Asks: 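Submitted below is the structure of interest, expressed as structure tokens.
None of these values were measured; they are calculated from a predicted model.
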Amino acid sequence: MDNKGSSQKGSLLLLLLLVSNLLLCKSVASLPICPSGAVNCQVSLRDLFDRAVILSHYIHNLSSEMFNEFDKRYAQGRGFITKAINSCHTSSLSTPEDKEQAQQVHVHPGVKENEVYSVWSGLPSLQMADEDTRLFAFYNLLHCLRRDSHKIDSYLKLLKCRIIYDSNC
């Protein structure tokens, strides 16, 4: 096997180890919503929102930890942040910029027909021989994951406030 293939596999293995290490360190365990053996289990909307908010917050914290760890170990002094600021493939999705804008969005805005969503195109960069290109691809992926998980966490909390507490939060 040449150095290129070995280096690429090493980078992918590194990311896999990083993610699995974070999950194992956090003792990720899923708790059932309904008691074992329960028949006709019904869960309130409030309980579902509580669980969704807890999970989204947890996912955002994990994505932040992964990004910060990767940044500290592999991206220092490489200037990746200036290239990553507006390079998320999800940047083209229309989302509110802040809490005030989010509060003005209708809860049921409707489905938009024929809307085109961008697709992540970073896989070829992860397979490049150039180490800086691969590291930036990982950096950008983790940066976007952190950014998007923060938006999801924030909007889910706002949605819970609107639906469960009638916007009195």
Side-chain angles (χ1 to χ4, degrees), residues 1-31 49 51-106 109-160:
M1 176 182 304
D2 63 356
N3 284 342
K4 178 182 171 185
S6 176
S7 180
Q8 288 173 352
K9 287 181 181 180
S11 294
L12 292 174
L13 182 60
L14 172 68
L15 183 62
L16 179 62
L17 287 173
L18 179 66
V19 172
S20 63
N21 186 37
L22 282 172
L23 293 175
L24 289 173
C25 287
K26 298 296 180 186
S27 301
V28 174
S30 174
L31 298 175
F49 265 113
R51 180 169 272 235
V53 165
I54 288 168
L55 289 174
S56 72
H57 189 73
Y58 179 71
I59 289 168
H60 173 62
N61 284 341
L62 280 180
S63 65
S64 293
E65 284 183 45
M66 286 190 297
F67 173 79
N68 291 336
E69 188 66 26
F70 188 87
D71 183 53
K72 182 172 65 178
R73 290 183 185 228
Y74 302 104
Q76 293 298 305
R78 295 182 187 256
F80 287 163
I81 190 64
T82 55
K83 293 193 304 186
I85 294 294
N86 293 318
S87 62
C88 293
H89 71 286
T90 55
S91 293
S92 64
L93 298 176
S94 176
T95 57
E97 293 297 318
D98 53 32
K99 185 177 178 180
E100 288 73 32
Q101 284 184 7
Q103 288 174 330
Q104 295 173 6
V105 173
H106 301 295
V111 178
K112 295 179 180 176
E113 299 266 339
N114 299 323
E115 190 161 353
V116 177
Y117 295 102
S118 58
V119 176
W120 182 64
S121 60
L123 184 58
S125 295
L126 292 175
Q127 299 170 335
M128 297 295 279
D130 178 56
E131 183 180 29
D132 277 351
T133 302
R134 284 194 321 274
L135 287 175
F136 176 70
F138 279 123
Y139 181 90
N140 195 48
L141 182 63
L142 294 173
H143 163 77
C144 295
L145 177 63
R146 180 183 69 163
R147 173 188 168 270
D148 292 346
S149 67
H150 180 257
K151 282 188 174 191
I152 291 168
D153 187 44
S154 299
Y155 299 146
L156 190 56
K157 288 173 183 172
L158 180 64
L159 187 61
K160 176 185 174 184

Asks: How about D71 and F80: do any of their side-chain heavy atoms sit closer than 4.5 Å?
Replies: no
Asks: Check whether any side-chain heavy atom of H143 sits under 4.5 Å from a side-chain heavy atom of N140, and report yes or no.
Replies: yes
Asks: Can you check whether E69 reaches E65 side chain to side chain, under 4.5 Å on heavy atoms?
Replies: no
Asks: Between the side chain of R146 and the main-chain N/O of S63, is any donor-acceptor distance below 3.5 Å?
Replies: no
Asks: Judged by atom type as modelled, is there a donor-acceptor pair below 3.5 Å linking the side chain of N68 to the main-chain atoms of S64?
Replies: yes
Asks: When rounded to the nearest 0.5 angstrom, what distance separates CZ in F67 from SG in C144?
Replies: 9.5 Å
Asks: More than 12 foreign heavy atoms under 6.0 Å from NE2 of H89: is that the case here?
Replies: yes
Asks: Quick check: do R134 and E131 have side-chain heavy atoms less than 4.5 Å from each other?
Replies: yes
Asks: For the atom pair CD1 (I152) and CG (L55), what is the distance rounded to the nearest 0.5 Å?
Replies: 12.5 Å
Asks: Do S154 and H60 have side chains that get closer than 4.5 Å, going by heavy atoms?
Replies: no
Asks: In terms of the angle between their ring planes, are Y74 and F70 parallel, tilted or perpendicular, with boundaries placed at 30° and 60°?
Replies: tilted
Asks: Going from SG on C88 to CG on L141, what distance comes out if it is rounded to the nearest 0.5 angstrom?
Replies: 9.0 Å
Asks: Distance from D148 atom CG to K151 atom NZ, nearest 0.5 Å?
Replies: 7.0 Å
Asks: Any chance you could measure M66, atom CE, to L145, atom CG, to the nearest 0.5 Å?
Replies: 5.0 Å
Asks: Kindly compute the distance separating OG (S149) from NE2 (H57), expressed to the nearest 0.5 Å.
Replies: 10.5 Å
